[in-house]
Structure formats: structure tokens, C-alpha cells
Amino acid sequence: MRAGTLTLVFGLLWLTAFSPLHCEPKGPLPEEKLLVLTVATKETDGFKRFMRSAQHFNYTVKVLGRGEKWNGGDYMTAPGGGQKVRLLKSALADIKEKDKIILFIDSYDVVFSSGPKELLKKFQQAKHKVVFSAETLIWPDRHLEDKHPHVREGKRFLGAGGFIGYVPNLKEMVSDWSGEDDDSDQLFYTKVYINPAKRKSINITLDSKCRLFQNLHGALDEVVLKFEDGRVRARNVLYDTLPVIVHGNGPTKLQINYLGNYIPNVWTFETGCTVCSEDLRSFSTLKESEFPVVVIGIFIQQPTPFVSAFFERLVNLKYPKNRLNLFIYNQEPHHDKHIRSFLESHEADYKVVKLIGPDEGVDVITSRNIGFDMCRDDIDCEYFFSVDVEVVLKNEDTLKILIELNKPFVAPMMTKPGRLWTNFWGALSADGYYARSEDYVDIVQARRVGIWNVPYVSQVYLLRADVLRSELKDSDLFNSATLDPDMAFCSRVRDQGVFMFVTNMHSFGRVLNTENYQTNHLHNDLWQIFENPVDWEERYIHENYSQILNGNIVENPCPDVYWFPIFTERTCTHLVEEMEHFGQWSGGGNTDTRIQGGYENVPTIDIHMNQVNFEKEWQKFLLDYIAPVTEKMFPGYFTRCISYLNFVVRYKPDEQPLLTPHHDASTFTINIALNSKDIDYQGGGCRFLRYNCSIRAPRKGWALMHPGRLTHYHEGLPTTSGTRYIAVSFVDP
Ligand SMILES: *[C@@H]1O[C@H](CO)[C@@H](O)[C@H](O)[C@H]1NC(C)=O
Ligand SMILES: *[C@@H]1O[C@H](CO)[C@@H](O)[C@H](O)[C@H]1NC(C)=O
Ligand SMILES: *[C@@H]1O[C@H](CO)[C@@H](O)[C@H](O)[C@H]1NC(C)=O
Ligand SMILES: *[C@@H]1O[C@H](CO)[C@@H](O)[C@H](O)[C@H]1NC(C)=O
């Protein structure tokens, strides 16, 4: 019963407080009374982000100044913004409804974090007719500090980037405006606010505790992102408020770009991007002959492994070649032959190919500009796809995927295997260099998936031609007295308000390590097992090797002799060519000079791996690829693959056709056929005498593995014509 009484008392209070006798409307303010006004003379990426967030929450937005020339100054450097006051004043003059509520807000660097209902409720709770966003720092005139009323808690200074109020009050506020377009709006509104009479009559207050507006300038430490139930909200932890509008004003552009990746809900843990993919460009209705024309710029600025593989992938890119123009810049004579061999077979397939070689004296920066111009100057060109040669584009659909995203600047996320390195930076340090953002690792490891606005991208990106012809039309985008060309470029792009997006919604590929790439061999890629093990494996290890460990493809032609695929055709060819290129085959019987410990008890015509400086790489190959097979086939035997005798043997009828029966000085031996019977030679093979068992048809790229001493006394069967090559290792002597 007591409870009942209390309820009644509160009920009465409620009725009194919100009695219709009061002249103020006491229910929630109707959403249709709210109109958002913003000034945008250009549809920048920032403006589009603002509009997306407004649409997401169902704000009604009217854009002022569209297509007008912006005279309001650059708010990054100097006061300005008078043009915004002029446009507001004239827009207000057209609005007759007295109970209309206007939210006047910047748009290039603003996102909504919640909807009209919450905004209006908080406006109502502020109990004033006009509410301005508040600032920690006073600007532009510090001398006015004393004139500002004190606030009990929160920010004391006015921010012109956002305010909300009733039309009549706002009209009164701007009625005295007669300034120039490049005068300061901030100073104008500040003078109104610090004038006690005007403040009272217009009924202005500040949103000191960021319940409606969060300006980030000077307030970065106050704001955190809260992730809850797959939704994201910015929270001011200093005042424990949830601002409805977040404004990356002053030098906080990067931070609003970062927050804009998450709010309003453009992104979810489960599905990746949602809102950010609404203006996709589709290929589904296009015939191949209607695909957008793309200039692919290929930049070779240092000796790089696997360049032939790069061009093979270029050929395999899923895009009609007659819609592609190629711009190839090569600074390295070493790679001339790779380009020549690519062009010989494919130049005619492409629309246009332009090549700048190492003799032409064109520097790196100039080459980038020439590449961009090839697209800018071609009215058909719709995109420029920039790819540095160390980029390994595994995903053949990359170009289409990027075009579909329909962004002015978008890059595929590229990684380095086993490392946190990528081609983008999540944040910048104060001096403009790399800094790790808090979400960087989650993005790299694809725990967060989406399209990310980031401050730096390198090595591979797609640029829309319209941006190259407008925001990025300068010919010195890569020039800087202090920054590297890639950093200078990104800083120009950021300054032009072009968002650099990187997507990790697909897996695209990786970037090669180019350090320690030596060019003194015939097939230098063979030496890349340490620097680029993934690419080395793809190039040189048999495609079915991985099935050895889980499948049943190892054959067992003789007792305890195992036979399995290990090398690609390419490995075999490269090894043989490398040895023939070196050419110093040992004479029969002359084995002692190169061999420590005299293990080689049967002489062959051979070249040892250490003679071509391939010993370390070969050891690594044994350890990474042979040891696992050994341990599977001979369970209980563990090997560290110690081997001092690793060599390529050459059998020829008129040189050395065969090898007489012998034991190997090894625990086990690997014998890999490097060319093809019936194609390259006749005869050959291997016979194990104890078992009277022969392998007479060796397979190119396949290894024989057998015990060395005691049981597997064997002979090399005669090669009757041609030349046969095998690679041999005596393991664990
Ligand atoms: C916006 O309006 C649409 C349709 O009127 C509605 O389905 C949607 O839930 C609204 N969005 C929000 C965030 O209120
Ligand atoms: C502003 O208006 C409210 C009523 O809406 C009133 O209660 C308040 O006193 C006014 N403030 C000033 C400073 O005039
Ligand atoms: C790998 O195995 C598949 C299936 O057995 C076979 O078709 C293919 O030819 C093999 N690849 C090579 C290079 O031998
Ligand atoms: C060895 O095998 C061959 C057939 O493969 C046979 O002709 C020969 O007689 C065998 N030799 C011995 C000693 O068993």
C-alpha cells in the first residue's frame, strides 16, 4: 500500500511538471521539426561519409553552397568560414516555420553517432533555444578568454562547427552578419556568445559536457570507441557522455577518419562493411568490351626476385587485355630480359604498352608522374592501377574487386607471410611516420574485416582517373624536400581530402622481400628460400608435395626405397642450367680436392652445391622438405639433415654412362631426377642388388629416398644416349 501511495505522489509531480499550461512543448520534440543544414561546395569523400551517416540515422539534410566556389578560407591554417554564415543566413530567411529546429553542422569531417530522436531529446534537456558545441581550446582570439562565462564542469569555449537551435533564435543570431566570406565564423559567433545581452535574448548555451557534440581538437584523450553487441559508439570518458555528433576539427582529421571506420556502424565484426559498400560499381551487366579502361603502372625500382612470376600473374589477371594499357618503368638492367620475354609473347594483347628502360635516365619520381599522365591524358582511361614489382597479386580478380568498390583510392591489403608487415599504416606518428593503430593487428589478421580509411598506403593501389584529373592533378605529387616519395604522395592525397581506403575483405596476396637478392647467378630465384620461402615453395616445390604428409602418393618401388614428387619442372631445369652455366664438372675419379673427409667413395662427373654457393640453401631445402618425409617413412628416425655431399651428377654415354655397385656414405640418400627419360636421354635408372630390384623409368622432379649403408648396395644403370642429370645428397653420414 505504501508503494501505491508513493506512485501516486510521483504521478502528481509528473503531471505538474509537464502540465500543458506551460508554454514550452513538454513532450518529445517531433523528429520532422528537425532539419540538418550543412555547407559543402564539393562532394569530397568526407562529405560522402557524412551523408552516409546521416542517411543511416534518417536525418533530413539540406546541403548549402553546392557547386559554389569555396571562399571561406582553409580552416586548417587561417580563420575563415564567413561563407558558411552567409549561406546559413540566406537559408534561414526562406524558412517560415517558427518551431523548426536547425542543426547547422560541418560535414567534411563530421559523422553522426546516433539519431535525431536522441539529438532532440538532449537539445530539449539543455533548456536553451540555441546550443553550440564546446571547445577545450579558445580560438581564434585568445584575448577573449576572460569574457567567456565560467562553466561548472566541462568545456568553456564556443565551437562554430556545430550548433542546434530554433529558427527565430538563429535568425536573430545571424541578423547582424555582414562579414566577408573569408572572415571567421568562429569569431563572429563567439562575439555574440560573450555578449551577455545577446546571449540572454537569443538564449544560447554551450554543450560543455559533449552530450550532443564532440569536437576532437584538444580532446582526443577524452574519446574512446565502445564496442557492444556488434555496434560501435563513441564515448566521452571524461564526462561519461555519448555524443551524438563527432567532429574531427582542426588537426584531428586522421582521428575522425579512424573513428569514421567504425561509426555509425559502417562495420560489424560478423559481416565486415555494411554501409560503406552501398555505391558499388557492378560488372554484371557489362560485356568485356565495355569494361573500364585501366592503365596498369608497373614500377621496377630495385633488383627483385620472381619477376618472371610477376609477369605470369599479370598475364593471368582476370580482365580483358584489350581494356588494359601498360606502363612499365624499369630501372634495373638485370630485369630487361624478363620484360623482353613477357613483351615478346604478350605485347600485342594489350591496348597500348609504354616501356621506360634503365638507359633512358628517368628517375623514380618522374616515372610515377609519366605513368599517371598516361591515364590523365587518355580520355578513355577510367582507372590507374599502380603495382610495384615486388607485389605478389595472388588474387586474379583483384582489379575487378577494387573497381567494384568504386572508391577514388583503394588498395588491396598485402602482407608478408608470418609477419605483421602490410602495405598500409593504421596511424601516423606526430612527425608523419609509421604508428600502429589499436586496430592494426586485428585488421592484418582479418579479425576485423572491411574497408578502412587509412593515412598511408604503398606499393599497390587503384586510383580513379577523375581524381587524378582533379584533386590529384599536380605533377609533383611525389616531390618533397623531407619525405620519401611514397610518404609525400600519401600526404598530398590526405591534404586533398581524398580518402585512402584499404580493403581486407578478400585475400589478395603478399609483398616480396627484396633485401639480399643477389643477381650473380643464372637463376637467382633459386637462392630465395630464406628471404621469400612462400614464393620459393610455389615456384620450386612440386604441387603435390603437400599430399605426401597426409595422403598416399609416396610409392615404394623396392624394399625401403621411397619415391615421391619433390621439384617442379622449373626447379629441375634451373638446377641443370645453373650447373651447366657454371660448367666445372669434375673429371671422373678426381674427387678428393673438393671433399672434406673423403666420403665420396665412388667418383662421378659432378658439380657440388657448394661450388655454386648453393650449399646453405640446399641444406634448408633438405631440412624443410626432405626431413618431414624421412621421419614419416622411417618412423622413429629423426634427422637434422646433416649433409656434406650434395651434388648434381651428369651421365653421358661418352663421358660417364653409369656407376658401378656401391654403398653410399650416408644414413639415407636422396636421388632426384632432373630431366626426363625418353625426352632427354635413354637408359638410366637405379638397381638395388640385394633385392634384385630396379627403377628403370625415373620421373623428372621425383626423389628416391633409400638407406645408404649396409642394405642398399646399388648401381647407376647405363645411360645409353643423351644426357641424364640427377641431384644427390648423402644425408647424416
Ligand atoms: C530509418 O528509416 C527506415 C525506414 O523509414 C527504418 O527502417 C530504419 O530503421 C530507420 N533507421 C534508423 C537508424 O532509425
Ligand atoms: C533560456 O530559455 C529557457 C526557457 O526555454 C529559460 O528557462 C532560461 O532561463 C533561458 N536562459 C537565458 C539565459 O535566458
Ligand atoms: C598432382 O596430382 C594430380 C592428381 O593426382 C594430378 O592430376 C596432377 O597431374 C599432379 N601434378 C603434377 C605436376 O604431376
Ligand atoms: C633379377 O630379376 C630379373 C627380372 O627382373 C630376372 O630376369 C633375373 O633372373 C633376376 N636375377 C636374380 C639373380 O634373381
Side-chain angles (χ1 to χ4, degrees), residues 17-29 33 98-101 120-132 134 147-152 156 158 163-170 172-173 189 192-208 212 312 537-555 557-559 561 563-574 625 629 661 672-677 679 683 685-703 712-715 717:
F18 296 90
S19 135
L21 293 174
H22 285 245
C23 48
E24 294 295 308
K26 285 305 173 192
L29 296 168
K33 293 290 174 205
K98 287 195 160 41
D99 57 349
K100 197 85 184 167
I101 299 162
L120 289 172
K121 187 170 145 214
K122 289 178 168 176
F123 171 53
Q124 205 169 14
Q125 287 167 346
K127 296 199 172 70
H128 281 75
K129 297 290 169 45
V130 175
V131 179
F132 265 86
K147 301 226 163 60
H148 282 75
H150 283 277
V151 293
R152 241 178 306 149
R156 187 177 165 198
L158 172 143
F163 51 88
I164 182 170
Y166 285 97
V167 166
N169 306 64
L170 295 181
E172 185 184 342
M173 181 171 79
Y189 293 128
V192 173
Y193 173 68
I194 61 179
N195 177 326
K198 286 189 179 174
R199 184 163 70 236
K200 185 155 189 297
S201 77
I202 302 171
N203 196 298
I204 307 180
T205 191
L206 302 188
D207 176 35
S208 294
L212 294 83
E312 284 166 28
E537 175 172 315
E538 279 188 10
R539 217 62 189 148
Y540 289 125
I541 294 296
H542 195 282
E543 62 170 337
N544 292 337
Y545 169 81
S546 60
Q547 293 170 29
I548 293 176
L549 300 177
N550 45 36
N552 260 339
I553 63 167
V554 179
E555 297 181 22
C558 302
V561 176
W563 200 15
F564 52 89
I566 188 76
F567 281 158
T568 60
E569 296 256 338
R570 175 179 296 107
T571 329
C572 301
T573 310
H574 283 191
Y625 296 99
V629 185
I672 306 171
L674 297 180
N675 54 356
S676 297
K677 186 173 166 121
I679 297 172
C686 184
R687 188 167 86 95
F688 296 92
L689 282 69
R690 181 179 163 93
Y691 310 103
N692 188 21
C693 177
S694 303
I695 292 111
R696 289 184 182 277
R699 299 172 191 160
K700 185 174 180 179
W702 283 55
H712 284 64
Y713 194 61
H714 60 285
E715 63 181 331
L717 298 173

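Starting from 1, each residue takes its place in the sequence as its number. Hydrogens, waters and symmetry mates play no part in the numbers below; they use all other heavy atoms, side chains included. Quick caveat, the model's predicted, so the values are computed rather than measured. Read the numbers this way: they start at 1 and go in the same order the structure lists the ligands and their atoms.
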Could you give me the CA-CA distance, side-chain angles and deciding distance for Ser201 and Glu172, then say whether side chain to side chain donor-acceptor pair (under 3.5 Å) is met?
CA-CA 9 Å; Ser201 77; Glu172 185 184 342; 2.9 Å; yes

I would like to know whether Phe564 and His542 meet ring pair (Phe, Tyr, Trp, His ring centres under 6.0 Å); could you show each step before the answer?
CA-CA 10 Å; Phe564 52 89; His542 195 282; over 10 Å; no

In terms of atom number and element, which parts of ligand 2 are under 4.0 angstrom from non-hydrogen atoms of Lys200?
14 (O)

Tell me if the NZ atom of Lys100 is crowded by more than 12 foreign heavy atoms within 6.0 Å.
yes

Find all atoms of ligand 3 within a distance of less than 4.0 Å from any non-hydrogen atom belonging to Glu543, and give their numbers and elements.
10 (C), 11 (N), 12 (C), 13 (C)

Does Glu569 come within less than 4.0 Å of ligand 3, judged by its heavy atoms?
no

Any protein heavy atom < 4.0 Å from atom 14 (O) of ligand 3:
yes

shortest atom 2 (O) of ligand 3-to-protein heavy-atom contact is with Asn544 ND2, 2.3 Å

Residues in salt bridge (charged side-chain N to carboxylate O under 4.0 Å, His left out) contact with Glu312, at least two apart in sequence or another chain
Arg539, Arg570

One residue to check: Gln547. Relative to ligand 3, which of side chain, backbone, both or neither has a non-hydrogen atom less than 4.0 Å away?
neither

Atoms of ligand 2 less than 4.0 Å from Lys129 heavy atoms?
5 (O)

Between Lys33 and Leu120, is there a donor-acceptor pair closer than 3.5 Å when you use the side chain of the first and the backbone of the second?
no

Identify the protein heavy atom lying closest to atom 8 (C) of ligand 4, giving its residue, its atom name and the separation to 0.1 Å.
Asn692 ND2, 3.7 Å

When the ring planes of Tyr166 and Phe123 are compared, do they come out parallel, tilted or perpendicular, using 30° and 60° as the limits?
tilted

Do we see a donor-acceptor contact under 3.5 Å between the side chains of His148 and Tyr193?
no

Would you kindly specify which portion of Lys127 sits under 4.0 Å from ligand 2, judged on non-hydrogen atoms: side chain, backbone, both or neither?
backbone

Under a plain distance cut-off of 3.5 Å, with no hydrogens placed, do Tyr545 and Glu537 share a side-chain donor-acceptor pair?
no

Would you confirm whether any non-hydrogen atom of the protein falls under 4.0 Å from atom 11 (N) of ligand 4?
yes

Would you say atom 4 (C) of ligand 4 makes contact with the protein, given that contact here means a non-hydrogen protein atom less than 4.0 Å away?
no

